Number of protein chains: 2
Amino acid sequence: MNIGEIARRAGVSRSTVSYALSGKRPVSEDTRRKIQQVVDELGYRPSASARALANGRTSTIGLVFPPAGNHYTGMQLDFIGSVVEAAAAYDYDVLLSPSGVDSDRSFQRLLGERRVDGAILMEIRLADDRVDHLAELDFPSVAIGRTAHPEGSWWVALDHTALAAACVHHLADLGHRRVAFVNRPEQLLRAGYESAHRGLDGFTKAAAERGLTVRTYCCGDDAASGQGCVERILHDDPDTTALVTLNEAALGGLYRGLARAGRHVPRDFSVTGVVAGRWAETVTPQLTAADVPAAELGRLAVELLVERLDHPDAPPRHHLLTPPISLRASTGPAGVGTA
Amino acid sequence: MNIGEIARRAGVSRSTVSYALSGKRPVSEDTRRKIQQVVDELGYRPSASARALANGRTSTIGLVFPPAGNHYTGMQLDFIGSVVEAAAAYDYDVLLSPSGVDSDRSFQRLLGERRVDGAILMEIRLADDRVDHLAELDFPSVAIGRTAHPEGSWWVALDHTALAAACVHHLADLGHRRVAFVNRPEQLLRAGYESAHRGLDGFTKAAAERGLTVRTYCCGDDAASGQGCVERILHDDPDTTALVTLNEAALGGLYRGLARAGRHVPRDFSVTGVVAGRWAETVTPQLTAADVPAAELGRLAVELLVERLDHPDAPPRHHLLTPPISLRASTGPAGVGTA
DNA sequence: TCGGCGACTCGAACCGGTTCGACTGCGCCG
DNA sequence: CGGCGCAGTCGAACCGGTTCGAGTCGCCGA
C-alpha cells in the first residue's frame, strides 16, 4: 500500500521506485518494468498528503465563493462547473470554500494551513479585503471580477460598465425614454459588489448621455422580489417603458410583475440586461441580453492561475470580456407609453 | 512558520507545542500561555498536509458529481451549496470531483491518493458502479439517491416513486384523464438514473391505478427541448390536459410551448411535477409541485457521512424524504379538453 | 592495463506534524 | 524518611513520500 511495500516486492529501494514512477532519474528498463508490474498488481497510488508534504505542492486550487445565505445564482453554478472541469484538465483538484471575508475560518484554512496552491475568488467587491490580503502575501490567486484598482493583479472579468451601457443604448435606439434599472440586492450594493456598482455606473452614465429619464432599484435575488420591484417601478413612474436588469434570479418575477400589471413584453414594455444565456432562454419571451459567458470566465481564470503557478514571476495578466447583446424577443420599439 | 520554529521561540520542545495546541496531554498554564503568545504573534497554523500525513485523516470530504457535459440543474447547485455549508460546520472541507464512473481519473485521485476521508455521491444510477466500488472497499460514503438495492448502505434520497404518484393523484383528483409525463433526457434514462426511472415508475403505476390515459416523453435539459416536447405532446394527443415533469431545466420551455399552442395554464392545461421550490416560483403561473428539499438533502448527507466517519462500525442509516405537494397556481380542474 | 565516465542504484535526510515511552521533580502517604 | 504517583516535559520514532550525495559496475579510450 505504501512505497516501501512496492520497493520490497520489487526487490529495490524506495528511492528507485520513486524515480521509476516520476522519471526524474534514469532507471533501467528491467527494473522499471518490474516495478510497474507490482504497482499495477497492487493498484498502488502514492498518497496525496505525503506527496504534498514532501514537495510543498498540493495540486489543489481553492474556489472561494460567498456563503449561501443569499441564494446562489445560475451564473455561479456555471462558474463552479467550468472551473472544476478546467482544473481537472490541468490535474488540479478544486476545494470549495464559502467565505465572505479575510478573517473567515474557511479562508484561514485555505491559506494558513496551506491546503491549496492557489485560489480563485468569486464575487469581488470594489474594495475587497480578500484580494488585498492575498496580494500582500503574494499568494497566487486570480479574481473573477475587478476591484476598484485592479492594476498589477490577476483577474478575469466582465465589463459590466460597458454591458449596462450597451443595454441602455439598445433601448434608447428603440426609442425608449423612461427606463428603470434593476440591480442586485441593496445589501450587496452596500457591500460594494463590483458588478452591481459598475453596472449601475454604466447604466447611469449612458442614460445621461442619451438624455433618458431613469430610476434605479435594488431587488432581492428571488422571484417574489422581482415581482415587487416591478410594482414599485410602475407605481413610481407609470410611464416607464423598459428596464435593464443584472438580477438573474429575479427575472421570472420581473416578468410576472409586468404580466400582472397588464404590460405585454415586448409590445408595451421592453426588458433587457446582463444574464447567462441559458437562463435568458427560459423566460417567455426570451430575453434580449448580454449573455454572461460564465463557463469561459471560469476556464480563463483557471488558465491564468495555472500560468501563475507555473511561472511565479510572470507579469500579471487579465481578461476583460464584453460579450455582445444577443437579440432575442424581449425588446421592441417604444410604444405609446402607459398601457 | 513550522512547529519547530514555534518551539524554539517559546523555548520548549516540538512535542510540547503540539500538546499545548491539541490539549491531548496536560501542559502547565505558564508554558501554554507562552506558546500561545508566540503562535499568535507569528500567525502560525499547522500545515494540513503534514497533519494529514501524521494522523491519516484529511478533514476533507469529496463531492462526486457528474461532469458538466449535460447542463447542471438548479437542484445540483443547491446540493453543492448546502453540502459545503454543512461540512464547514463539522470542520470539513469539500473537494469537488467531476466523475461519471468508477475508473475516472478524478475518482481515482479521490480514493487511490487518499485525498478525502469520505465521499458524497450525486446523480445515482439504479446500477451504479461507483456505489458498488465504494461498498466493496468499505470506503465511507453517502449517496444522494438510491440504487436498485440500497439495503445495507448509506444514503439520503427523495421518494421519486411516491412523488410522481402524488402528482398523478393530484391531477386525477382534479378530473384530468389524459396526462403526459416529461422525464429527464433519454440518455440519462438509458444510463439508469434513479430519479428518472423511479419517477417514471411511480407515474405509470399511479396512472394505471386511476385509469388515466398517458404518454411519456424524454426531454433535454434546456428550454428549447421543453418547448419541443410540448409540441410533440400536443401533436401526439391534442386532448392531453395536463403534464407531470421531473425536468426542472425544461420548465420554462414547457410553459412557452403551451403558450405558443394557445393553452392557458391552468385554465386549459395543468402542469405539475417535482422541482425545487425556488425554481417553481420563477415561472408564471407559479408551479404546483413537490418541492425538492435540496438543501436539506445536502445537509442530511453530510450528517450521515460525519456519523459514519466518527463511528466506523455504526450500522447503515438512510433518509427517504417525501415532501408534500405545494399547491401553487399551475394546476386546476380539467376543462373541456382541446382549447 | 588503468583512469574515468556514465548508467544505475542505494541509503539517509528531509518535509511538518503527532504520539509514545521515558525522565524529572514534586508533594503526599505510610 | 523513603517510595510512589502524577503533572509536565523531552527526545525519538513514525506517517509516506521526494531528493541529494555517494557508491558500484561495466565499458571506453589512452
Side-chain angles (χ1 to χ4, degrees), chain A residues 1-39 42-60 91 93 108-117, chain B residues 1-39 42-60 91 93 108-117:
Chain A
M1 26 178 81
N2 63 20
I3 201 173
E5 182 68 15
I6 303 295
R8 189 146 38 74
R9 300 210 189 199
V12 298
S13 75
R14 301 197 305 147
S15 51
T16 300
V17 175
S18 180
Y19 287 127
L21 294 180
S22 72
K24 295 192 181 176
R25 275 200 193 176
V27 168
S28 80
E29 188 51 27
D30 274 5
T31 55
R32 209 198 55 68
R33 249 204 316 274
K34 176 64 184 161
I35 289 171
Q36 190 59 51
Q37 183 190 330
V38 175
V39 164
L42 272 63
Y44 165 78
R45 312 219 58 194
S47 144
S49 314
R51 200 205 286 268
L53 176 57
N55 60 23
R57 306 186 56 245
T58 60
S59 295
T60 304
D91 262 315
D93 282 329
Q108 285 306 311
R109 283 177 72 123
L110 283 201
L111 296 203
E113 305 183 5
R114 281 144 290 166
R115 277 175 199 273
V116 299
D117 296 336
Chain B
M1 27 181 83
N2 64 21
I3 200 173
E5 182 67 17
I6 304 296
R8 188 146 35 76
R9 301 210 189 198
V12 299
S13 75
R14 300 197 306 147
S15 50
T16 300
V17 174
S18 180
Y19 287 126
L21 294 180
S22 72
K24 295 192 180 175
R25 277 200 191 174
V27 168
S28 81
E29 188 52 26
D30 273 5
T31 55
R32 210 197 55 68
R33 250 203 316 275
K34 177 64 184 159
I35 289 170
Q36 190 60 51
Q37 183 190 328
V38 175
V39 164
L42 272 63
Y44 166 78
R45 310 219 60 192
S47 144
S49 313
R51 200 206 287 268
L53 176 57
N55 60 24
R57 307 186 54 245
T58 60
S59 295
T60 303
D91 261 315
D93 282 328
Q108 285 306 312
R109 283 176 71 122
L110 283 201
L111 296 201
E113 305 183 4
R114 280 144 291 166
R115 278 176 199 271
V116 299
D117 296 335

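Naming convention: chains lettered A, B, ... in sequence-line order (proteins, then strands); numbering from 1 in each chain. On a predicted model such as this, the values are computed, not experimentally measured, just so you know.
With B/R109 contributing its side chain and A/D91 its backbone, the two residues share a donor-acceptor pair below 3.5 Å. In this structure a side-chain-to-backbone donor-acceptor pair under 3.5 Å is missing from A/T58 to A/A52. Checking side-chain atoms of A/R114 against main-chain N and O of A/G112 turns up a donor-acceptor pair under 3.5 Å.
Nearest heavy-atom pair across A/T60 and A/R115 is CB-O, 3.8 Å.
If you check distances only, the side chain of B/R25 never reaches the base of C/dT19 with a donor-acceptor pair under 3.5 Å. Contact annotation: side chain of B/R51 to base of C/dG16, donor-acceptor pair absent below 3.5 Å. Between the side chain of A/S18 and the base of D/dG17, no donor-acceptor pair under 3.5 Å is found.
Closest contact between the side chain of A/L53 and the listed nucleotides C/dC15, D/dT9, C/dT9 involves C/dC15. Across D/dC10, D/dA13, D/dT18, the shortest atom-to-atom separation from the side chain of A/N55 is found for D/dT18.
Put simply, CZ on B/R14 is 10 Å from P on C/dT18, counting in whole angstrom units. Residue B/D30 contributes atom CG, which lies 17 Å from atom P of D/dA7 at whole-angstrom precision. Atom CG in B/N2 sits roughly 14 Å away from atom C1' in C/dT18 (whole-Å rounding). Whole-Å rounding puts the B/K24 NZ to D/dC10 P distance at 19 Å. What separates OH of B/Y19 from P of D/dC10 is a distance of 12 Å, to the nearest Å. For the pair A/R45 CZ and D/dG16 P, the computed distance is 17 Å after rounding to whole Å. Distance CZ (A/R114) to C1' (C/dG17): 10 Å, rounded to an integer number of Å. Between A/R33 atom CZ and C/dC8 atom P the separation is 13 Å, expressed in whole Å.
Note on A/S13: every side-chain N or O is 4.0 Å or more away from OP1 and OP2 of C/dT9. Contact annotation: A/S47 does not reach the phosphate of D/dC15 (side-chain N/O to OP1 or OP2, under 4.0 Å). Distances shown here put every side-chain N or O of B/T31 at or beyond 4.0 Å from the OP1 or OP2 atom of D/dG8.
Between B/V12 and B/A50, the residue whose closest nucleotide on DNA chain D is further toward the 5' end is B/V12. Comparing B/S49 and A/R32 against DNA chain C, the residue whose closest nucleotide sits nearer the 5' end is A/R32. Heavy-atom nearest nucleotides on DNA chain C were determined for A/S15 and for A/E29, and the one closer to the 5' end corresponds to A/E29.
Atom CD1 in B/I35 sits 14.0 Å away from atom CZ in B/R9 (nearest 0.5 Å).
Backbone-only contact: B/P46 has heavy atoms under 4.0 Å from sugar-phosphate atoms and none from a base.
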